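See structure below.
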Amino acid sequence: MNPPELLPILRYPDPRLHTVAKTVAAVDDRIRALIPRMLATMYDANGIGLAATQVDIHVRLIVIDVSEARDQPLVLINPVIEWASEETRKGEEGCLSVPGIYDGVERSVAVRVRALDAEGVERSIEAQGMLAVCIQHEMDHLMGKVFVEYLSPLKRNRIKSKLVKAQREAERA
Ligand code: K1U
Ligand code: ZN
């Protein structure tokens, strides 16, 4: 069988990254076909997460794998944060849509999230550490929010200019 076809990842400051994703009405063939492609795209890019928004598909679907062996995929459809710890921590984040940029973002250290899995079964997941951070980062994507929006306007504008310049140079090459 052929490996799943990779999906192109939108790059900041592409305005499509600010689209608010729609609820998945049913875990149908379209969603079932999208999941392996999103996982393959995330693994190929060495990411630990990917939101459908980042591949220009605006439905509430995220994939995550924070395992060392890259063998524990997690699929969250229509995720809802049921509880987030009051305790927060500032940690370094990156984003496949903002290549080469890493900066600190303050997040809850633990969350409980309710979502459908790849089979359409409702689950509740308690997460902490990197998984909790990644869930919050990916759920922001579904709301059209990119992590650089937590940074100062000065930093954000510098990042924007850098990425626009890099993209122009890549197009010229
Ligand atoms: O949403 C994405 O673009 C995926 C993103 C997830 C993420 C990484 C770090 C903190 C929060 C969310 C990435 O996978 S970026 C690339 C990466 O593998 C990575 C970067 C920094 C720390 C750990 C992993
Ligand atoms: Zn991201």
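These numbers were taken from a predicted model, which means no experiment stands behind them. Order of listing sets the numbers, starting from 1, for every ligand and every atom in it. For reference, positions follow the sequence shown, starting with 1.
- Looking at Asn46 next to ligand 1, an N or O pair under 3.5 Å apart turns up.
- Between Val133 and ligand 1, no N or O atom pair is found at a separation short of 3.5 Å.
- The nearest protein heavy atom to atom 10 (C) of ligand 1 is closer than 4.0 Å.
- Between Ile48 and the options Val63, Ile64, Val66, Leu96, a side chain to side chain contact (heavy atoms under 4.5 Å, CB included) holds for only Val66.
- Leu6 is not listed as a side-chain neighbour of Arg37, based on a closest heavy-atom distance of 4.5 Å or more.
- Checked against Asp103 for a salt bridge (charged side-chain N to carboxylate O under 4.0 Å, His left out), the options Lys155, Arg156, Lys90, Arg158 give a single hit: Lys155.
- For the ligand labelled ligand 1, residue Gln54 lies inside the 4.0 Å heavy-atom shell.
- Geometrically, ligand 1 and His137 share a nitrogen or oxygen pair separated by less than 3.5 Å.
- Atom-to-atom distance recorded for Leu142:CG and Ile62:CD1 is 6.0 Å, nearest 0.5 angstrom.
- With respect to atom 13 (C) of ligand 1, the closest heavy atom belonging to the protein is Ile48 N, 3.9 Å.
- Between Leu50 and ligand 1, a contact under 3.5 Å exists for no N or O pair.
- By the 4.5 Å heavy-atom criterion applied to side chains, Pro13 and Val164 are counted as neighbours.
- Residue Met130 places a heavy atom less than 4.0 Å from ligand 1.
- Under the 4.5 Å side-chain heavy-atom criterion for ILVMFWY residues, no single connected hydrophobic cluster contains both Ile77 and Val111.
- Near Leu96, with a cut-off below 4.0 Å to any heavy atom, the atoms of ligand 1 are 2 (C), 3 (O), 4 (C).
- Annotation: atom 5 (C) of ligand 1 to nearest protein heavy atom, Gly94 O, 3.7 Å.
- Polar contact with ligand 1: present for Glu138 (N/O pair, distance under 3.5 Å).
- With Gly49, Ser97, Gly91 as candidates, the residue nearest to atom 4 (C) of ligand 1 on a non-hydrogen basis is Gly49.
- Contact of the Met139 side chain with the Arg60 side chain is registered, since non-hydrogen atoms from C-beta on lie closer than 4.5 Å.
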